[in-house]
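What follows is one structure encoded as C-alpha cells, with my remarks underneath.
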Amino acid sequence: MTRSRTFAGAAVAAALAGAALLPTQADAAAGSVHLYRIYYDSPGVDRGSNASLNAEWVQIANTTAKSVSLKGWVLADASNHKYTFGTYAIGAHRILAVHTGKGKDTSVNRYQNRAAYVWNNDKDTATLKKANGAKVDTCSYNSTKVDYKAC
Ligand SMILES: [Ca+2]
Ligand SMILES: [Ca+2]
C-alpha cells in the first residue's frame, strides 16, 4: 500500500510538472465545452411536427470539472440561423441538447422554439461562439447516408 501510494504521488507530481511546462496539454486534459453531435435528419419523413423538429438537435458537451455559463453564447448554422443562450450553465461532465422545435428548457435540454428545421439534411456547419464572438468550436458534415454527425 505504502509503495503504491508513493508511486501514485510521484506520478501526480510528474503530471503537475508536465502540466506546468506544457500549458496547452494541461488545457486539453482539463476538458472543454465543445460541439459533440448533430442529429440533422430527424427520424422518418420530415413533416414539420414539433416532435420531428425536436428530434433534430445539436449536442454540446462540457468535459471540464466545472459548470460553465453559456449565457449569450450563440449556436449558428451555415445560413446564420442563430440560437442565443439565455441565463444557463452546463454542468460539469454534462451533455446538453439544443432542439430545433418548441419545448420547456431543462438543465440538459434547450429549445430553439422554431417552426422549421434548421440543420440541412445534406450538409451544414454548426458554429458555437461565446458572447463576445470568440469562436469556441465548429462541426461540419456532408452526407445523406447517415442522419447524424459525431463532431
Ligand atoms: Ca434537418
Ligand atoms: Ca428525416
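Whatever order the structure lists ligands and atoms in, that order sets their numbers, starting from 1.
Within the 4.5 Å cutoff, side-chain heavy atoms of Val98 are placed close to those of Gln112. Using a 4.5 Å cut-off on side-chain heavy atoms (C-beta onward), Val146 and Tyr40 make contact.
Our summary of the site lists the angle at the Ca ion (ligand 1) between OD1 of Asn121 and O of Tyr40 as 80°, to the nearest 10 degrees. Atoms O of Gly44 and O of Ser42, as seen from the Ca ion (ligand 2), are separated by an angle of 90°, to the nearest 10°.
Residue Asn120: no N/O/S atom is found under 3.0 Å from the Ca ion (ligand 1). With a cut-off of 3.0 Å, the Ca ion (ligand 1) has no N, O or S atom of Val118 in range.
Side-chain atoms of Thr138 and Thr125 include no donor-acceptor pair closer than 3.5 Å. Checking Ser52 against Tyr117 by side-chain atom types alone, a donor-acceptor pair falls below 3.5 Å.
Considering just the N/O/S atoms of Glu56, the one nearest the Ca ion (ligand 1) carries the name OE2. Closest approach between the Ca ion (ligand 2) and any N/O/S atom of Asp41 involves OD1. When the N, O or S atoms of Asp46 are ranked by distance to the Ca ion (ligand 2), OD1 comes first.
In this structure a side-chain-to-backbone donor-acceptor pair under 3.5 Å is missing from Asn54 to His99.
In Tyr148, the OH atom is not crowded: 12 or fewer heavy atoms of neighbouring residues, nucleotides or ligands sit closer than 6.0 Å.
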